[in-house]
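What you see is a predicted model; the values in this text were computed from it and never measured. Count residues from 1 along the sequence.
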Amino acid sequence: MASESHHKENLHNLQLEDEGQHRNPSEVKMSQIVLPCHANHCGELSIGQLLKWMDCTACLSAERHAGCPCVTASVDDIYFEHTIGVGQVVNIKAKVNRAFNSSMEVGIEVSCEDLYSGRHWRVCQAFATFVAKRTDANKVQLRQVVPCTHQEQVEHSLAAERRRMRLIHHDIMQDLLNNKTFQRSISEENHDEDEALPTERTRVESVELVLPPHANHQVNTFGGQIMAWMENVATIAASRLCHDHPTLRAIDMFHFRGPSQVGDRLVLKAIVNNTFKNSMEVGVCAEAYHGDEPLRHINSAFMTFEVLDEKGRPCPLPPIKPEPQEGQRRYQEALARKKIRLDRKYIISCKQTEVPLSVPWDTSNQVYLSYNNVSALKMLAAKNNWDLCSKKNNVSLYTVEESQSLCFRVEFEMEIPAQRAFILLSDISRRHEWDQHYTLCKLLLRVDEDDFIYQVVTPSVSKGGQYQDFILLASRRPPCDSGDPYVIALRSVALPSHPPTEEFHRGEVVCAGFTIYEVSKSVSKISYYNQASPEVLPYISTDIAGLSSSFYSIFCACRQYLLDNIISTSAFTPSAL
């Protein structure tokens, strides 16, 4: 009863928010009651049908913002948390988080409603990319999204970082497959050949004729319909392996490579690529042809299935025996995708408090650690409940306390171009020149042009105490659009080549860094943030308590450092390393 009353209270609060607060102009909502024709053999909503509804809702949101027809370009990873039964209601909400030149990110939230109990629960969340297609010859230039609420500001800011990950998704896979440690781990896998099942028995091929009901208002095959057909053949392939009814748990990124039209024959192929302890990956490919023309690649996707027992627990699955060459390639790529999937889910999807401070860094998870680093700082900066703690000569100290976490922000304006301040503050190896808490700042590894790993040594707060060291990932980002800040994010990572030593007490930084806004061509607003860990809090505690203003002297030194180096040529640049 307590749980039910809690759900009803949440519903009431959501209704009040909808009635009394701002609504995004691109927001579109869809509600559908699940009928038997939408369900599978278990009386649960078919994921293919859900994908169609999600794609339709997101497309309507994109077109509301763009004012012209839009097509689905890609859909990020989707994790399905719950199933939906016949008679329950699916509520889908979609809105444009951010627009770029001709593409935009649409956020999709899916929840389920039980009409009898009044309960609501989340089913999944997704981010889709849509491209605007004008009917005339004019070049598309989408208007910018203006975030109004705190949540919209966060999503608008993170959308740029998610776009960055999409663009390098293929490179991440190739780097991992070429990694010697990963290759060695594959070769060490040892399955009993007698128990292994040949993958050929799971192969599925099906053809669909694209008819007018399958098309959108642009006479192209509806993206959601293609995803539904792909889910159907993937489910058949998974069933052939386990001889049971599998449950779809996750879908890796959908990426549409080309359009399909009414009259096309769509050829859908699926096969089990690999099995793990309690799950299997099925690869699906969609190709199209018309008449005598050769096959055109439309889409590829990778779906993760589980087989559940009567209590809803995953059942063990048998190993598979891949075919030579292509089968072996798919087998290895499935292992790589599993690692990438776990990294993404573990580092990105988890709440900041659920991720260990010093996540081990390696080349396979560097992109996701960098994303977590930047997104955590952006979310910290977007908080709207900062309290002014003290102010001295236009240097302000703010604090916010949430969920047993104390965060602080130091902010000031000065005459320096924002880009110049960004370049100077990005060079963490020079921070000891203005911050007395940094005794040594040593560059350990240049990950790429925007990400670097440093060892930082700081003195002890207590007299005669042991020095501390930190292994920090520094991620820097220039603005994506006008109005965006320059970002320099810092967080602790674990670097295998630099384990803790007896010489230093190993400290950890949860989230820290700078945002730099351009007030004018010559004036910048510089803000420093830190989510205080036990190792960091002693350095600022007296300032927060109002007993001193040492932060003021440090940031005065920072201001002087920036002034002294406004026209210096010795500032940090990637080419200088």
Side-chain angles (χ1 to χ4, degrees), residues 24-28 51 54-78 92-109 125-147 152-172 216-227 251-261 286 296-301 344 348 367 371 374-375 378 450 477-484 487:
N24 188 304
S26 70
E27 184 178 295
V28 172
L51 291 171
M54 291 170 65
D55 189 56
C56 180
T57 311
C59 184
L60 293 174
S61 173
E63 291 185 344
R64 176 177 282 185
H65 179 78
C68 65
C70 296
V71 295
T72 313
S74 67
V75 181
D76 291 1
D77 299 358
I78 308 175
I92 305 171
K93 181 171 70 174
K95 60 181 177 181
V96 176
N97 290 331
R98 186 163 191 155
F100 302 98
N101 291 328
S102 60
S103 67
M104 67 205 95
E105 180 191 275
V106 180
I108 310 165
E109 294 179 2
Q125 180 184 40
F127 298 99
T129 301
F130 282 80
V131 176
K133 298 286 187 182
R134 288 202 184 280
T135 52
D136 53 37
N138 295 330
K139 186 177 180 181
V140 175
Q141 183 63 53
L142 294 172
R143 70 180 188 274
Q144 293 302 308
V145 174
V146 180
E152 287 179 2
Q153 290 170 353
V154 170
E155 292 298 344
H156 181 270
S157 184
L158 297 183
E161 199 64 18
R162 284 191 289 263
R163 182 172 184 252
R164 173 189 174 94
M165 284 204 305
R166 290 181 199 113
L167 295 175
I168 59 175
H169 179 74
H170 176 74
D171 294 336
I172 297 169
N216 59 21
H217 48 294
Q218 303 167 58
V219 202
N220 289 328
T221 313
F222 181 41
Q225 179 63 70
I226 296 175
M227 290 188 276
I251 303 177
D252 277 22
M253 183 184 294
F254 279 105
H255 181 72
F256 288 90
R257 302 179 186 277
S260 166
Q261 291 84 30
R296 310 187 310 272
H297 187 189
I298 302 298
N299 198 348
S300 291
R344 265 199 303 241
I348 296 174
V367 173
Y371 172 90
V374 174
S375 63
K378 287 184 173 182
D450 294 317
R477 300 287 187 271
C480 184
D481 292 314
S482 59
D484 287 350
V487 174

Looking at [X] and [Y], would you say the former's side chain and the latter's main chain have a donor-acceptor pair under 3.5 Å?
{"X": "Asp252", "Y": "Asp77", "result": "no"}
{"X": "Lys95", "Y": "Asn24", "result": "no"}
{"X": "His65", "Y": "Arg98", "result": "no"}
{"X": "Thr57", "Y": "Ala94", "result": "no"}
{"X": "His297", "Y": "Asn299", "result": "yes"}

If you look at every heavy atom in [X] and [Y], which pair is closest and at what distance?
{"X": "Met227", "Y": "Phe256", "result": "CG-CZ, 4.0 Å"}
{"X": "Val145", "Y": "Ala99", "result": "CG2-N, 3.8 Å"}
{"X": "Cys70", "Y": "Cys59", "result": "O-SG, 3.7 Å"}
{"X": "Ile78", "Y": "Gln125", "result": "CG2-O, 4.2 Å"}
{"X": "Ala159", "Y": "Asn97", "result": "CB-CB, 4.5 Å"}
{"X": "Val96", "Y": "Ser61", "result": "N-OG, 3.5 Å"}

By salt bridge (charged side-chain N to carboxylate O under 4.0 Å, His left out) - contacts of Arg166 (at least two apart):
Asp76, Glu105
Let me see the working for Ile92 and Glu109 under side chain to side chain contact (heavy atoms under 4.5 Å, CB included), right down to the final yes or no.
CA-CA 6 Å; Ile92 305 171; Glu109 294 179 2; over 6 Å; no
For Leu51 and Val75: C-alpha separation, side-chain torsions, deciding distance, then whether side chain to side chain contact (heavy atoms under 4.5 Å, CB included) applies.
CA-CA 10 Å; Leu51 291 171; Val75 181; over 6 Å; no
Could you tell me which residues satisfy side chain to side chain donor-acceptor pair (under 3.5 Å) with [X], sequence neighbours excluded, listed by chain and number?
{"X": "Ser375", "answer": "none"}
{"X": "Glu63", "answer": "His217"}
{"X": "Ser103", "answer": "none"}
{"X": "Glu155", "answer": "Gln151, Arg162"}

Going through the checks in order, is the side chain to side chain contact (heavy atoms under 4.5 Å, CB included) test met by Phe130 and Thr72?
CA-CA 5 Å; Phe130 282 80; Thr72 313; 3.2 Å; yes
With side chains defined as the heavy atoms from C-beta onward, is the minimum distance between Asp484 and His156 less than 4.5 Å?
yes
Any residue meeting side chain to side chain contact (heavy atoms under 4.5 Å, CB included) with Arg164, in chain and number order, not counting sequence neighbours:
Glu161, Asp448, Asp450, Asp451, Arg477
Can you tell me how far [atom2] of [Y] sits from [atom1] of [X], rounded to the nearest 0.5 angstrom?
{"X": "Asn216", "Y": "Cys56", "atom1": "CG", "atom2": "SG", "result": "9.5 Å"}
{"X": "Gln144", "Y": "Phe100", "atom1": "CD", "atom2": "CZ", "result": "8.5 Å"}
{"X": "Lys378", "Y": "Tyr371", "atom1": "NZ", "atom2": "OH", "result": "9.0 Å"}
{"X": "Met165", "Y": "Leu158", "atom1": "CE", "atom2": "CG", "result": "9.5 Å"}

